[in-house]
Number of protein chains: 2
Amino acid sequence: MVNNAAVLDRAFHALADPTRRSIVDRLSRGPASVKELAEPLPMSLAAVVQHVQALEGSGLVSSEKVGRVRTCRLEPSALAAVERWAADCRTTWQARLDRLGDHLAESAKTNPKKK
Amino acid sequence: MVNNAAVLDRAFHALADPTRRSIVDRLSRGPASVKELAEPLPMSLAAVVQHVQALEGSGLVSSEKVGRVRTCRLEPSALAAVERWAADCRTTWQARLDRLGDHLAESAKTNPKKK
DNA sequence: AGATTAGTAAAGCATTTACTTGACTGTCCT
DNA sequence: AGGACAGTCAAGTAAATGCTTTACTAATCT
């Protein structure tokens, strides 16, 4: 949990780009070559390579080159870190609301009708 | 689910910045004025205002101004959208792995020791 | 009334980003 | 061997980003 902040930083930064998010989405359905990833995208192969490099640097994706084709696969742990951060924020917020509700209910019981 | 993509886009973009993420983190522990949000941050108040505006535009935060102080609070639905997207990716990936495992186990049973 | 406080708006600036194109390197197919 | 294929590297560019400073407004305190 020490360098977790750096992981989160890189992951969120990588996911901020819609192209990269669509690549992650595609990879969740199975590994793919860079060429395959580029297929549906309206940009040059070189641009896609750059996105893949960004994703790899963030830990969201890993890849391996065999022959002349580089196969990319999703690395779910970085994705889990993102998920966990968002969930933590939400549940902390929720817990606070619950405490607030309890407190109000309690003071209403001992001190009813006070404005 | 139609304009959900736009929501996700704005939310991830907003969360890509570490300062904004720390603001969200702070707000998960309860509402705060812009001044309070700025307190621990190494930048001018004007800069923090800009971050708050970005967060508000993304739907992650809402705010209300009473008197001269603007109070910000977390808006958990946008955060939930982020959480859900990441979870969807991960579970899709996991489901694919499971199917793969089943398939391999099955073919090993009917076709053992094949190279 | 006058001074401080909280926030806003606008303009400017350095850096980063998301591309492009062009040249190049290996690998695979006939 | 020769050509197409998959990817890489480098340089350049236009736009976006994260600040700053200055000047301002409106609310609150003394």
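For the numbers below, each heavy atom of this structure counts, side chains included, while hydrogens, waters and symmetry mates do not.
- Under the 30°/60° scheme for interplanar angles, the aromatic rings of F12(A) and F12(B) are found to be tilted.
- Close approach of DNA chain C to chain A, defined as any atom under 4.0 Å from a non-hydrogen atom of the protein, starts and stops at dT17(C) to dC28(C).
- Residues from residues 42-67 of chain B with heavy atoms under 4.0 angstrom of DNA chain D, sorted by number: M43(B), S44(B), A46(B), A47(B), Q50(B), H51(B), G67(B).
- No side-chain heavy atom of W93(A) sits under 4.5 Å from any side-chain heavy atom of D88(A).
- Taking all atoms of both residues into account, the shortest heavy-atom contact from L45(A) to A38(A) is CD1-CB, 3.9 Å.
- With a 4.5 Å cut-off on side-chain heavy atoms, R96(A) and P31(B) count as touching.
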Atom pairs and distances, side-chain donor-acceptor, residues 75-84 of chain A, under 3.5 Å, sequence neighbours left out:
residue	atom	partner	partner atom	Å
E75(A)	OE1	S62(A)	OG	2.9
E83(A)	OE1	R90(B)	NE	2.6
E83(A)	OE1	R90(B)	NH2	3.3
E83(A)	OE2	R90(B)	NH2	3.1

With the criterion being N/O to N/O and under 3.5 Å, what pairs connect the protein with nucleotides 3-5 of chain D, and how long is each?
residue	atom	partner	partner atom	Å
dC5(D)	O4'	R68(A)	NH1	3.4
dC5(D)	O2	R68(A)	NH1	2.5

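- S28(B) pairs by the side chain to side chain donor-acceptor pair (under 3.5 Å) definition with nothing, not counting sequence neighbours.
- Contact of the E56(B) side chain with the S63(B) side chain is registered, since non-hydrogen atoms from C-beta on lie closer than 4.5 Å.
- At a threshold of 4.5 Å between non-hydrogen side-chain atoms, the residues V61(B) and R73(B) do not count as touching.
- Under the salt bridge (Lys or Arg N to Asp or Glu O under 4.0 Å) criterion, the residue pairs touching residues 11-26 of chain A are R21(A)-D9(B), D25(A)-R29(A), with sequence neighbours excluded.
- The two atoms that bring A14(B) and L60(B) nearest to each other are CB-CD1, 3.9 Å, heavy atoms only.
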